[in-house]
Structures are given as structure tokens and as C-alpha cells.
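Submitted below is the structure of interest, expressed as C-alpha cells.
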Amino acid sequence: MTKPDTADNENTDAPPERLDFVRQIVADDCTSGKWDGRVVTRFPPEPNGYLHIGHAKSICLNFGIAAEFGGACHLRFDDTNPVAEEEEYVHSIQQDVRWLGWDWGEHLYFASDYFGQLYEWAVQLVEAGKAYVDDQSAEQVSANRGTLTSPGTDSPYRDRSVEENLDLLTRMKAGEFPDGSRVLRAKIDMASPNVLLRDPVMYRIMHTPHHRTGDAWCIYATYDWAHGQSDSIERVTNSICTLEFENHRPLYDWYLDALGVYHPQQTEFARLNLTYTIMSKRKLLRLVEERLVSGWDDPRLPTIQGLRRRGYTPVAIREFCKTVGVAKFNSTIDVALLEHCLRQDLNKHSPRRMAVLDPIKVVIDNYPEAQVEQLDAINNPEDPSAGTRQTPFSREFYIEREDFMEDPPRKFFRLTPGREVRLRYAYFITCTDVVKDADGNVVELHCTYDPATRGGDSPDGRKVKGTLHWVSAAEAIPAEVRLYDHLFTTEDPEDVAEGEDFTANLNPDSLVTLTGCMLEPSLAAAEPGSRYQFERKGYFCVDPDSAADKPIFNRTVTLKDTWAKLKKKGKTH
RNA sequence: UACCCGGUGGUGUAAUUGGUAACACAGAAGGUUUUGGACCUUCCAUUCCAGGUUCAAGUCCUGGCCGGGUAACCA
């Protein structure tokens with residue numbers, strides 16, 4: 001049986017067959033001896049939110065490279081801004097990285113551990129005349145930065161003496177000045193065509209307690225001032241980040257060169273985009289805050305927690321990340337590829353069960369009233385070692401409402417008056433009568449069965465076109481089943497009319513809750529997190545909300561369904 | 001209008017680094033089947049455009065065109 005959560009995440013993945021451009025750089029560095037054969041990468045999340053599938057791409061890249069080249073990958077929390085950062089996130093991020101199947105070993109770091117070193121280096125830059133304290137307000141700094149097409153203007157405080165700068169910086173650190181009153185800036189070039197080089201801010205004053213350093217500091221390093229130096233301290237070789245940091249690389253290099261310290265190589269790749277999905281932290285937060293989803297672990301979200309609750313496996317996510325590849329082109333991957341990787345893994349490992357989601361009762365008129373037979377069913381045709389189980393069959397059972405049609409189109413192979421079909425692992429049955437209520441709704445079907453077809457084979461070799469799943473009525477376990485679909489109705493959720501935003505594209509049917517579903521009795525002991533294939537319906541897993549007296553299953557993904565496809569295209573005749 | 005980075009089938013990624021476009025997904029057709037699942041077969045691009053170098057260019061050069069990123073005391 002499939003184990004919940006972390007038990008099935010042993011990572012024995014083979015490396016990709018061809019090297020992507022990042023791995024090529026690492027491989028070249030190894031042959032040239034650029035880093036003396038060392039390979040050190042890092043995954044540097046800010047602990048201010050939960051991880052999503054986009055992070056998984058970065059995680060698989062960084063940890064994957066380290067594993068393939070015999071190096072190490074550091075997990076470093078980039079916690080330089082105490083305003084939104086919380087301990088809760090550092091825990092959940094670690095849990096998610098582990099669940100994805102990666103291990104940072106000893107290498108758990110925090111940028112906040114480097115605050116002392118960073119400050120010493122800042123002093124060093126001030127002493128070298130390469131940094132200064134600016135008394136301008138944030139608005140003034142911004143106004144004097146110039147625009148993309150025109151140069152900035154020097155701050156009136158730009159040429160303070162080293163002594164004055166040192167004094168001011170010391171007092172900034174000592175907490176003498178209020179928030180926002182002063183900043184430390186690198187003295188680079190206010191006319192640089194790269195606006196990031198127009199005297200970037202290194203420290204800002206924030207009298208805000210930090211989740212790890214408490215109130216030890218009231219000045220906090222900005223991203224650019226902290227990141228490269230943290231990489232340097234950890235002797236990272238390849239600092240791999242996403243494309244939007246390309247413009248930051250000259251600054252990354254400038255700081256390291258100005259300091260004259262160990263200098264890692266920054267390389268940028270394109271972040272992951274998925275159809276029918278949003279990935280922005282800000283927008284995900286909005287969905288959660290406005291209760292448009294149930295929480296960060298809502299199974300419709302691309303968060304790792306959401307995917308986990310939905311029933312995704314770490315193997316499927318890793319395989320997806322490998323298949324997607326790494327490049328510098330801004331691309332959008334079809335979610336169908338993610339779902340394909342999921343099905344591929346689930347198909348191999350999920351035990352099969354029968355469950356009727358939308359039941360309609362069937363009575364076999366020529367079957368003995370009190371008889372119950374135990375029939376053998378194969379647990380997983382893809383895995384003989386999964387063995388078989390027994391499932392009860394009796395005179396009354398349920399089949400799927402959509403598996404019967406009174407007046408079917410030509411290509412409908414399922415049950416219809418007068419037609420013989422197979423009940424999986426049971427018997428051939430023929431529909432003889434349809435019982436309807438006053439409104440004409442079908443409420444019950446009557447059939448006859450052929451005792452010679454026990455197990456589902458006909459001794460005379462006669463064929464049937466359809467095979468249906470079923471659940472014996474007396475033994476059935478009622479359950480709730482949550483059917484999930486894409487959260488958005490459009491491939492690009494941002495594609496909206498004037499005045500609307502992405503929430504306009506939310507799919508009203510992304511969650512359909514079914515009650516009164518009927519499960520075969522062997523599902524009684526299913527543990528939260530365990531995964532199954534409900535034959536002909538899809539892959540499902542037990543939700544954490546599930547209880548012994550009230551089982552709840554989430555639909556992870558449907559099976560490929562050619563009949564549904566034909567119906568959609570109107571090609572059923 | 002400045003700077004940086006990109007452009008190979010419907011979607012992505014590759015092409016022994018100048019040698020005659022491969023793999024996966026999606027789609028289509030067929031086979032097989034006790035899941036309309038899985039599996040198997042077949043089909044589906046001359047690489048943004050225009051010049052140039054070369055016996056030979058997706059790979060190199062020049063010029064266009066198109067797309068993305070960048071002006072937080074966010075990361």
C-alpha cells in the first residue's frame with residue numbers, strides 16, 4: 001500500500017541524459033579546475049512564504065547538480081528583512097525540501113548568521129571610500145536615481161569624509177536614528193546605464209525584531225549587499241538564480257571585487273511558468289487571504305503543500321523538473337506535462353480499487369438473494385508483486401450513473417437495455433429493466449447474470465465491449481470525494497479584460513464535492529495520505545480531514561479518458 | 001527612448017560545438033486490452049527575417065524584426 005508523505009521519497013533519480021547550459025558550465029568548471037574541482041550550490045529561499053512548484057525547479061536544479069557532481073547544496077535562508085519573515089516558514093520550507101527528496105546534510109545556513117561579517121565588510125568599504133551614509137529620504141533617493149533613460153544625480157551627502165561616514169554608520173547601528181532617516185550606500189556611479197549600479201542601498205534602518213537575531217540589529221542589509229557575500233562566505237561555486245537577477249550580476253560582482261574576497265559565479269535561468277496556474281507569491285497570498293482557496297495547502301494550489309495534499313508524489317515532481325529542462329528562454333509549460341509525469345508514477349505504484357462516485361443501484365434478478373461471493377481482484381496490473389485481494393459481490397450493487405444510457409449513441413460501449421457488459425472481476429450481466437421515478441429519472445436497473453462468466457471470462461469466448469466497475473451494496477462504505485480541476489479556466493490567468501484581474505478567471509468548478517460515493521470495503525483502513533487508483537475514474541488519495549467514520553478522498557488526477565474526449569468533441573456517433 | 005537577456009514543431013527541451021533537426025508532452029490515425037487506463041505502431045518543424053562567410057550554417061558575422069527583464073530603504 002502506498003505510504004503517506006515522507007516514507008516514499010527516497011531519491012535515486014538518474015541524472016538527465018544531456019547537460020543543460022547550467023550543468024554544462026559546472027562541467028566545464030570541473031574540467032578547467034576553476035574551483036579546484038569543488039561544486040557548491042545553494043537554494044536561498046526567503047522565509048516569508050511557502051514553496052511552490054516553481055521553487056521545486058530551482059531546488060531540483062541546485063540539489064541535482066550537487067548530487068550529480070559530487071558536491072554540496074546549501075539550504076540558506078535569505079532572512080535579511082525581518083518585516084515579513086517568520087519561523088513558521090523556515091520549518092515548512094525545510095519540510096518541503098525534504099519531502100521533495102533532497103538533503104542539505106550539515107549545510108543549513110542563515111544570512112542572519114553573517115550580519116556581523118557583513119557589517120565589518122561595510123566598514124571596510126566605507127574606509128576605502130566606496131560607501132557613504134546618505135541622509136536623504138527614500139523619496140529623495142528615488143527621485144535622484146534618474147530614470148531608465150536619464151542619469152541620476154549625486155546625493156549631496158555623497159562626498160562625506162570617511163570619518164564622518166564611519167561615525168554615522170556606527171550610530172546607525174547603535175540605534176540613534178529613526179527608521180528611514182539614513183541609509184548606507186555603495187559609491188558606484190549615478191550615471192550608470194544599469195540603474196542598480198546608481199549607488200545602491202546597502203543598509204536601511206529598521207527597528208524591527210528579527211526572528212533569529214531578536215533586537216540585536218536595527219540596520220538590515222539589502223538583498224544585493226547580503227547575497228553575494230553570503231555566497232562568498234559559504235564558498236559557493238555556482239550561484240544559480242532566476243533571470244530577473246541578470247541585471248544584478250554586475251553589482252554582485254562589484255561588491256565581491258571591491259571587497260577582494262572569494263568570488264562565486266552567478267548564473268541565471270528562466271523560472272517555471274505553468275498553464276492554468278499562477279506562481280507569484282503575492283497572488284497566491286491573495287487567494288489565501290481572500291479565502292478564494294481553503295489555505296496554503298489547498299489541493300488546487302501549486303504550492304508544495306497543496307500538491308502533497310492533492311496526492312502528487314515527489315518522484316513525479318522531480319521527473320517533471322527534469323523533463324522541463326533548464327534554459328534562458330521565458331517559457332510556459334503545459335500543465336498536461338506535469339499531469340503526465342504524475343500519472344506515470346501513480347500508474348506504476350497505485351493499488352487499484354473500485355469506487356462508485358455517482359451511484360445507481362443494480363439488482364441481479366437471477367442471483368440468489370442472500371448469497372455473497374468473494375471475488376479475486378488484481379491490485380495492480382503494472383506490478384504483479386502487489387498481489388490480489390478479495391472483494392464481495394452480491395445480488396445488489398452500485399454502478400456509475402454515467403455507465404448506463406437508455407438511448408445511447410453508437411460509440412457508447414457501456415450498459416444499455418438489452419446489452420451485455422462485464423462487471424470487472426465478476427460476471428457478464430445484461431440489462432433487462434429500467435426503473436424510473438415520477439420525474440422519469442432512472443433510479444434502479446434490473447439485470448440478469450451469466451453464472452458461467454464468474455471472474456469476468458466467458459467460457460464460450462463471447463466478447464463484450466464494456467467493462468464496468470461496481471461496489472456491492474451491503475458492504476459499500478459511503479464516502480466524500482472531492483473532485484479537483486484546474487484553478488483557472490484560461491491557460492494564462494493574467495489574460496483578462498480591462499479593469500479585471502486574474503481572479504476573474506477563477507474556475508467556479510475547480511472543486512466539486514461529492515457525498516454518498518460508494519467504496520469497496522477494502523478501503524476501510526485507508527490511511528490519510530495513501531494513494532489509490534479508482535478503476536476507470538482516476539487517482540485518489542485520502543485527505544488529512546478524513547476520519548474512520550467519514551472517509552474523504554481527493555481526486556489527484558483523472559485517468560486519460562478517450563470517451564470523455566469523444567463526448568467533448570461530439571464524436572460519439 | 002537607456003541597459004541587459006532571449007527567439008528551434010501546438011508546448012517545452014536537444015543537436016557530437018560548422019556536417020544535414022532528436023526526445024518528451026499535446027494532437028491525429030490504427031493495433032491491443034477484463035480499466036474507453038496502461039502498452040505498441042504511424043503521422044505532425046527545414047530552426048524569427050534579410051544578407052554574408054563556407055564544400056557545408058539551427059550553430060559563425062552584419063543588419064533588421066519580435067519577446068522578456070530592469071528605475072523597493074523587497075527578495
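Please read all numbers here as calculations on a predicted model, not as lab measurements. Naming: A, B, ... by sequence-line order, numbering from 1 per chain.
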Sugar-phosphate only, base, or nothing, as touched by A:Lys348 at under 4.0 Å among non-hydrogen atoms: nothing
Aro-ring/base stack A:Phe329-B:G7, d under 5.5 Å, angle under 30°: no
Stretch residues 381-388 of chain A: residues that reach within less than 4.0 Å of RNA chain B through a heavy atom: A:Pro381, A:Glu382
Pairing pattern in dot-bracket form [Watson-Crick, G-U; both distances under 3.5 Å; | = partner strand] for RNA chain B: .((((((..((((.....[..)))).(((((.......)))))....(((((..]....))))))))))).....
Set of residues satisfying salt bridge (Lys or Arg N to Asp or Glu O under 4.0 Å) with respect to A:Glu85, sequence neighbours excluded: none
Nucleic acid contacts of residues 264-278 of chain A, taken as heavy-atom distances under 4.0 Å to RNA chain B: none
Are any protein N/O atoms closer than 3.5 Å to N/O atoms in nucleotides 41-43 of chain B? If there are, list each pair with its distance.
none

For A:Glu86, all residues meeting salt bridge (Lys or Arg N to Asp or Glu O under 4.0 Å), sequence neighbours excluded: none
Partners meeting salt bridge (Lys or Arg N to Asp or Glu O under 4.0 Å) with A:Arg182 (sequence neighbours left out): A:Asp135
Pairs satisfying salt bridge (charged side-chain N to carboxylate O under 4.0 Å, His left out), at least one member in residues 382-391 of chain A, at least two apart: A:Arg389-A:Glu520
B:G19 and B:A2, which share atom name C1', separated by this distance in whole Å: 41 Å
All N/O contacts under 3.5 Å from nucleotides 23-25 of chain B to the protein, with atom names and distances to one decimal?
residue	atom	partner	partner atom	Å
B:C25	OP1	A:His340	NE2	3.2

For A:Lys173, all residues meeting salt bridge (Lys or Arg N to Asp or Glu O under 4.0 Å), sequence neighbours excluded: none
Distance between P atoms of B:C61 and B:U53 (Å, rounded): 15 Å
Donor-acceptor pair present, A:Arg414 side chain and B:G36 base, under 3.5 Å: yes
side-chain contact (heavy atoms from CB on, under 4.5 Å) involving A:Cys517 - partner list, sequence neighbours excluded: A:Leu357, A:Val481, A:Leu514
Nucleic acid footprint by protein, nucleotides 66-75 of chain B - heavy-atom cut-off 4.0 Å, B for base, S for sugar-phosphate alone: --SBBBSBSB
